[in-house]
Amino acid sequence: MSEDALKAAKEKYKSTVLLPKTEFPMKAGLQQVEPAMQAHWDSSGLYARIRKARAGAPAWVLHDGPPYANGDAHTGTGMNKILKDTVVKFRTMQGFDCPYVPGWDCHGLPIEHKMLAEMGGKLPEGTTALELREKCLEYATKWIDIQRRQFKSAGVLGRWDNPYLTTNPSYEASVLRVFRELVRRGFMTRALRPVHWSWAAQSALAEAELEYEDRTDPSVYVRFPLSSCGKDCKFRELVEARADSEQVWASLALLIWTTTPWTLPANVAVAAAEKAEYVLASYTRNGKREHLVMAQALLSKVAEKAKLQDVQVLETFPGETLRGVGYSHPFLDHACPVVFAEYVTLEDGTGLVHTAPGHGKEDFDTGKREKLPIVCPIDNAGKYFTGERLRKELQLSPTFEDTRGWLPMLEGQNVFKANPLIVEKLRGEGWLLHDEPYPHSYPHCWRTHTPVIFRVTEQWFVQIDHVDPDKQMNPQGKTLRQRLLDTIAAARWFPAWGQKRIGSMIENRPDWCVSRQRYWGIPIPAFQDTVTGEVVSDLETLDHVVSLVEKHGSNVWFDEANWPVEKLVPAKHARRKLVKMNDIFDVWFEAGSSFNAVMRTDHELADKPYRDGDYTAHSAMYLEGDDQHRGWFQVSLILSVATSGQSPFHDCLTSAFVVDEKGEKGSKSKGNIWAIDQGVKDLGADLIRLYFASVDTSSPVPVTYNLIKTHGEAYRKLRNTWRGLVSNLFDFEPAKHALVYDALLPLDRWALSQAAAVVHAMTEAFERYEFHTGLRELTHFCNVTLSAQYMDLCKDRLYCEAANSVARRSAQTTYWLLADMIVRLIAPVCVHTAEEMWRFLPKLEREPESVHMASWPVALGDAAAHPETRVTIGDVYLRANAKLDARYRALLQLKAESDRILDRMRKEKVIGKGYDANVLLGAQGETGTLLAMLGSPEQLEAELPEVLNVSAVKLDAGTDHGALQGFEPATDLKGLSLKVSVSEAKACVRCFRRTGDVGSVREHEHLCVRCAGVVG
RNA sequence: GCGCCGGUAGCUCAGCUGGUUAGAGCACACGCCUGAUAAGCGUGAGGUCGGCGGUUCGAGUCCGCCCCGGCGCACCA
C-alpha cells in the first residue's frame, strides 16, 4: 500500500466524518460585540420585557444605594453596580420579579463646594441661594448622564430611563414625610449641644461624615493658679495644717493637660477623679520653688518630661479632698471650680482635666450637671469672634481689663493657627510647665479634609433612645436603639461579621445631628416666631410645606421672590410673625429615606416588599461597600425602623474597597483608578465582570488591567469549551433528536451527574452571594471534567458514528444539555457572552429570546424518581448518579496511570498519538478487586480503549506482573501494573483507531468494521 | 488603645465539625496531536499552609503570644 493510496483513501472518507462546525467565533471581540448587544437590549426594551415576563412572580428587590453624582464611575462604584447586576440577574433567572431602579444622590456639600469655588469661594454679592442651587442641579445632572452611560457600558441592566434622584420633588417630599413622622412620634429634638463642626465647610457634621486622620497637635501642661477654697474644703485644712502653708499658697496651681490649647479661653472648670490619689508636690523650676496639685500616678512622668528638679511629694490625698477648690483662669477673669467626672483617667495628662463645655461632649455633660457656663467664642469659620462679641462670648465681666493683650491676639484667629500663639504666650507668662508635639488620630471633615472642632450649637437631633409611645408599632415600649438591634439581628448579613460591626455601632452611637448650615439640600421645614423665639414645626405646618415641595420642589424654600414666607406657612399661623429657619438636612438623611421615597413610593416598587412568613422588610437586599455600615445602612435602619417599624432590607451584602496591585486604596490622585467605561473599552465588560465574580470581594479587591487580563485565560477557556460543545450540535435539533434520559449512554449520564453537582454547588454559592466560590466549580467543570475528560472521550462517537446513531445522538443530547446549562450558569456574570451563546444554542421553541429571561438550571438528586421521558427541560437530565460517579472516578484513575506511561513513551518517540498504543493491565489486590467490580474482563476490554484513548486494552490474568517483561507498577493505584506496546494493527483511515479488524469488509479495505458499517 | 476580618504554590482561590504523601484553575517547563486548530491533550516542576509556643496518638484546621495587611471603634481632655 503506497502512501498516496492511503492519502487518497483518507480524503475519500473524510467527508463522511462528522466534524464540528459552528459560526460561534472563537475570538470574543468583546469591544465590538458588547456595545452592539447593549444597543440591541436598549432598542428591544429588554428590561421592560423581563419585567413583563416576571409579572406576578414573587418579588425580590435589590434596592440600589445611590452613588454620588459627582465625577466618573470608577472601578469601585463599577464593581458595586456589577455585583448588584449579577445578583439581580441571578434572582431573575431563579424566577423572581426583580425590578432594578438605580438612583443618584444629588445634594450635598461636595457639589455645593465645587459650584461655590467656581463662583470665587463664596456666594457673590447679589447672587441668590436659588441660583447656586440651580448650578448645583445642572452639575449633578451632567454627571448622572455620564455615570449612567458608564454603568450601562458594563452591561448593567435596569430602569435607566427613569432612575430615582434625590432632587426629584416627589423624593424630596418623601424625605420630609419621614421627618414629619419622626416629629409626630417624638424622635426629633432641637437642642443646644456640642457637635463636630467643620469650619472649612462651615457646617455641623454627623459621625458618618468624619474621617480619622493622623495629625500632630501641641500637648501642653498648664498651671491654673489656685485661688480660693470653700469653707469646709478639706484641701484647705490639709494645707493649713502645714508649717509652710504660706509658701505653698503663694505658688500653688492645678496642673492640667490639653492637646487643644485653643479651647483654653473657654475653660470654665477642672475635672478630677473622686477616687484617684492626688498629690501636693513641690519642685524647682528656673531656680524657683513652686507647688502643684496633680494625680499621683502621673507625677513622675510629668516631672521627667518637664525636667522638674527636687520634686517632693508633700501630701497625698484622694481626689474628693479637692471638693470646693477654686482657681482663677490664667488669663481671663473667671473664677472656676474643681468638679468631678467619671471619665477622668490616669493614662495620660495630669489627672486634672481642662473642662470647656463649649468644646467637648463630655465637658458639655459635666457642665450641664455642674451648671457651668457654656463658653464658645468661636464662629462658624473656626475663628475667634472679634471686639465686643468676643468679650460677650467669653462671658467676661464688664470690668475685666485685658492688660496682657490676650484678646487682641485671639481676635479673628483661626483656632489651629491660634494654638502656637497661645502656647508661646502661656510660656512667656510662666503658666506653661511643659509642651511637646502630640501625634494622634483626629477627626477630619471627610469632604474638606480639615480637622474638625467641637462646638456647641443649636441643631436638630434624632434621639436614638427615644421610646415610641405607639403601642401598635412598639408594644414592648423599647427604645429605638433596642429596636434597631432587634432589627439587625433579624436581617441576614454577608459576610456575617457585618452584623457585629453595625450592631456595636448602633449600641454606641450618639443622637444623630441631622441639620446642616448649607444651601444644596432639602430644607428642614421649620419657622421661628420673631416675637417669642418659638420654633414652629408642628404637623400642620409640615404637611403644608410637604405638599408645596411635592408640587414645586424644595426650591420653594429658597425662592424668596416667588415664595415669600407667608406662602410657606399654613393658614393657622398666618397672623404670626414667622421667619424661615435656614438649616437643611444632612444628605445622609435624604439617602436614608430612600426606603420610603423609593421602595414605598415608586410605582414599580411600592407593592414589592420582601416577605418571608411573618417577616417583612421594605426590600430584599442592600449591597454596598462595607463603609456603608456607618453610612447608608445605618441611617436607613434608623429612619426606617423609627418611622415604619420595619427593616429597610432583609439581606445586607458588603464588599471591601478596591485597591491597586500594592494593596493601596485607589485614588484618582495616585492614578491607580480608572473610569469603568474606559476599562470596558480596553478589556471588555464581560472580562471585568468575570474578574469581579472570581475574587473574594469581602476583602480588599486589587483591580488592575494586568490582573484582569490574567483572568482572560479563564474566559477563553470557558468560551472555547462551550464552542466545542455547540460545534457538535450543527445537525442536532433538540425536539427531534434528543434521547430520553434512560436511553443515554453511561458516560453521558456520568457527565450529567457531574453537571448536576456543579449546578448544585453553584446555586448554593450564589445564594450566599459568594460568586467566586460558585464560579470555581464551573471553571473546574469546564476545564477538567468537560474539556480534558468527557469531551475528549466523546470525539470518536460524535465524529465517526452514524449521524443518527444512538451513540452519537446520546452524546449530542448531552452536549446540548451541557451547553444549555453553562450558558445559564454564566449568564449573570458574563452577560454579553451568555447572550451571544444563547443565540447559537439549539433551543426548544418555548425558550425566551434572551438568556436573561431564561430560567436558572435545577439539578435533581440521586434519589429522584425517573420522570416521564418527554424531552423538555434540563432538570430531567441534570441528575446525580453516585454509582456512575464512582465508576468513572475509578476508570479515570486508570487513565491517569496509563497517561503517565504514554507520556514517557511519547517523549522517547516510541509513539505519537494514543491510538498508536495498546495497553496491558495487570491488576491484583485492591485494584484487582476494583476492576472486578467495574465489570467483566470482556466488558472492560471493550470499554477501556475509549476511556484511555488508545487502540486496545487487554487485561492480563497473570499473577506476578512485576516479574513479567515490560510491566511496571502504577504510581497511585496499588496492585496495578501496566505495559504499553506499540500497536501492530493497521489504522483505520477514517477513525484512526487500530482495532485489528481493518480491511475485514471487502468494499472498504482501509476501514475498520465499524466505519465500514457507517459508510455503508 | 480596644475590637473584627484576613495572611495556603508566581497569580486567583478551595480545604466541612482536627486524621492517610496539602488541592484546583491560570501562568511556567517539557512533550503529543493537527478532525474544537491564533484551538485541543498529556506530563512535570512549584508550598517549612505568616512566625513562635501549646493541647493531641495526630493541626493548615483547636488554644496562647507575636508579626504583617485591611477595616472598624474612640471618654486620645
Side-chain angles (χ1 to χ4, degrees), chain A residues 14 17-22 26-27 207 212 217 219 256-260 263 270-271 341-345 347-350 352-356 359-363 365 438-443 454 495-498 500-502 504-505 507-509 626-627 629-630 656-657 659 663 665 691 694-696 698-700 702 706-707 710-714 716-717 720-728 772-773 775-777 779-780 782-784 787-789 791-792 795-796 798-800 895-896 898-909 911-916 949 972 990-992:
Chain A
K14 176 135 180 168
V17 180
L18 300 163
L19 294 179
K21 202 162 73 186
T22 181
M26 180 179 289
K27 204 160 176 295
E207 302 295 311
Y212 283 80
D217 280 308
S219 154
I256 63 98
W257 174 67
T258 182
T259 58
T260 52
T263 62
V270 162
E342 289 297 317
Y343 54 81
V344 176
T345 66
E347 280 151 26
D348 262 322
T350 63
L352 291 174
V353 175
H354 151 59
T355 298
H359 295 294
K361 190 179 172 308
E362 278 62 42
D363 299 30
D365 295 340
Y438 186 78
H440 57 165
S441 84
Y442 189 86
F454 256 105
W497 50 258
K500 253 192 192 166
R501 169 168 295 180
I502 195 160
S504 73
M505 287 180 186
E507 269 174 35
N508 298 317
R509 70 155 297 144
D626 61 15
D627 55 332
H629 281 125
R630 74 165 181 174
F657 279 125
V659 296
K665 209 186 251 185
Y691 177 73
S694 303
V695 297
D696 179 4
S698 70
S699 40
N706 275 341
L707 273 171
T710 306
H711 281 73
E713 206 45 49
R716 277 188 282 278
K717 186 75 190 187
N720 269 325
T721 304
W722 195 84
R723 187 169 181 272
L725 290 171
V726 81
S727 63
N728 281 291
H772 71 285
T773 329
L775 224 47
R776 264 175 55 85
E777 300 292 331
T779 309
H780 188 257
C782 287
N783 287 339
V784 180
S787 189
Q789 297 176 344
M791 287 167 74
D792 226 33
K795 282 177 185 165
D796 180 72
L798 285 165
Y799 300 165
C800 300
K895 176 169 155 65
S898 113
D899 277 342
R900 253 190 287 269
I901 296 173
L902 290 174
D903 180 66
R904 202 186 58 228
M905 297 183 71
R906 281 191 190 109
K907 284 192 175 144
E908 289 165 358
K909 306 287 178 201
I911 57 165
K913 64 177 99 172
Y915 286 152
D916 294 341
N949 228 338
D972 290 327
R990 184 165 174 275
C991 73
F992 305 154

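Naming convention: chains lettered A, B, ... in sequence-line order (proteins, then strands); numbering from 1 in each chain.
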Let me know the distance between [atom1] of [X] and [atom2] of [N], rounded to the nearest Å.
X: A:Ile911; N: B:C41; atom1: CD1; atom2: P; answer: 18 Å
X: A:Leu18; N: B:A36; atom1: CG; atom2: P; answer: 14 Å
X: A:Glu713; N: B:C26; atom1: CD; atom2: C1'; answer: 7 Å
X: A:Asp796; N: B:C41; atom1: CG; atom2: P; answer: 18 Å
X: A:Glu908; N: B:U43; atom1: CD; atom2: C1'; answer: 13 Å

Using Watson-Crick or G-U wobble geometry with both distances under 3.5 Å, which nucleotide pairs with [N]?
N: B:G64; answer: B:C52
N: B:C11; answer: B:G25
N: B:C71; answer: B:G3
N: B:C32; answer: B:G40
N: B:A77; answer: none
N: B:U17; answer: none
N: B:A45; answer: none

Taking the six-membered ring for Trp, are the ring centroids of A:Phe454 and A:His359 within less than 6.0 Å of each other?
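A:Phe454 vs A:His359: aromatic centres not under 6.0 Å.
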For atom [atom1], what is the distance between [N] and [M], given to the nearest Å?
N: B:A22; M: B:U48; atom1: C1'; value: 13 Å
N: B:G18; M: B:A59; atom1: C1'; value: 6 Å
N: B:G64; M: B:G3; atom1: P; value: 12 Å
N: B:C62; M: B:C4; atom1: P; value: 15 Å
N: B:A24; M: B:C49; atom1: C1'; value: 16 Å
N: B:G23; M: B:G46; atom1: P; value: 14 Å
N: B:C68; M: B:C76; atom1: P; value: 25 Å
N: B:G50; M: B:U8; atom1: P; value: 6 Å

Identify whether any heavy atom of [X] sits under 4.0 Å from a base atom; if not, whether one sits that close to sugar-phosphate; answer base, sugar-phosphate or nothing.
X: A:Ser727; value: nothing
X: A:Val344; value: nothing
X: A:Asn720; value: base
X: A:Ala714; value: nothing
X: A:Thr260; value: sugar-phosphate
X: A:Lys795; value: base
X: A:Gly912; value: sugar-phosphate
X: A:Thr355; value: nothing

Under a 3.5 Å threshold, yes or no: a donor from one side chain and an acceptor from the other, between A:His354 and A:Thr263?
yes
Determine if A:Phe992 stacks with B:G35; use a centre-to-centre distance below 5.5 Å and an interplanar angle below 30° as the criteria.
yes
Presence of donor-acceptor pair under 3.5 Å, side chain of A:Ser787 and base of B:A36:
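Present.
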So does A:Asp903 reach the base of B:G42 with its side chain, donor to acceptor, closer than 3.5 Å?
yes
Interatomic distance, A:Thr355 atom OG1 to A:Asp365 atom CG [nearest 0.5 angstrom]
11.5 Å
Can you tell me how far OG1 of A:Thr779 sits from NE2 of A:His711, rounded to the nearest 0.5 angstrom?
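A:His711 NE2 to A:Thr779 OG1: 8.5 Å, rounded to 0.5 Å.
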Please state whether the phosphate of [N], meaning OP1 or OP2, lies under 4.0 angstrom from any side-chain nitrogen or oxygen of [X].
X: A:Lys717; N: B:C41; answer: yes
X: A:Tyr799; N: B:A36; answer: yes
X: A:Lys907; N: B:C32; answer: no
X: A:Lys909; N: B:C32; answer: yes

Closest listed nucleotide, where the reference is the side chain of [X] and the choices are [options]:
X: A:Asp792; options: B:G42, B:G40, B:G35; value: B:G40
X: A:Met26; options: B:A39, B:A77, B:G42; value: B:A39
X: A:Arg723; options: B:G70, B:A36, B:C75; value: B:A36

Please report the shortest heavy-atom distance between A:Pro20 and A:Tyr799, naming the atom on each side.
CD-CE2, 3.4 Å
Given RNA chain B, 5'-ward residue of the pair A:Cys782 and A:Pro20, judged by closest heavy atom:
A:Pro20
Quickly, which of A:Ser698, A:Pro700, A:Ser694 forms a side-chain contact (heavy atoms from CB on, under 4.5 Å) with A:Asp696? Name it, please.
A:Ser698
With the side chain counted from C-beta on, respond yes when A:Asp796 and A:Tyr915 share a heavy-atom pair under 4.5 Å apart, and no when they do not.
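They are in contact (side-chain heavy atoms under 4.5 Å apart), so the answer is yes.
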Heavy-atom side-chain proximity of A:Arg716 to A:Thr721 below 4.5 angstrom
no
What is the glycosidic conformation of B:G10: syn, defined as within 90° of 0, or anti?
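Anti, since the glycosidic angle lies more than 90° from 0.
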Salt bridge present between [X] and [Y] (N-O < 4.0 angstrom):
X: A:Arg904; Y: A:Glu908; result: yes
X: A:Asp972; Y: A:Arg900; result: yes
X: A:Arg630; Y: A:Asp627; result: no

Going 5' to 3' through nucleotides 2-14 of chain B and flagging B where a protein heavy-atom sits under 4.0 Å of the base, S where only the sugar-phosphate is that close, and - otherwise, we get --SS-----SSBS
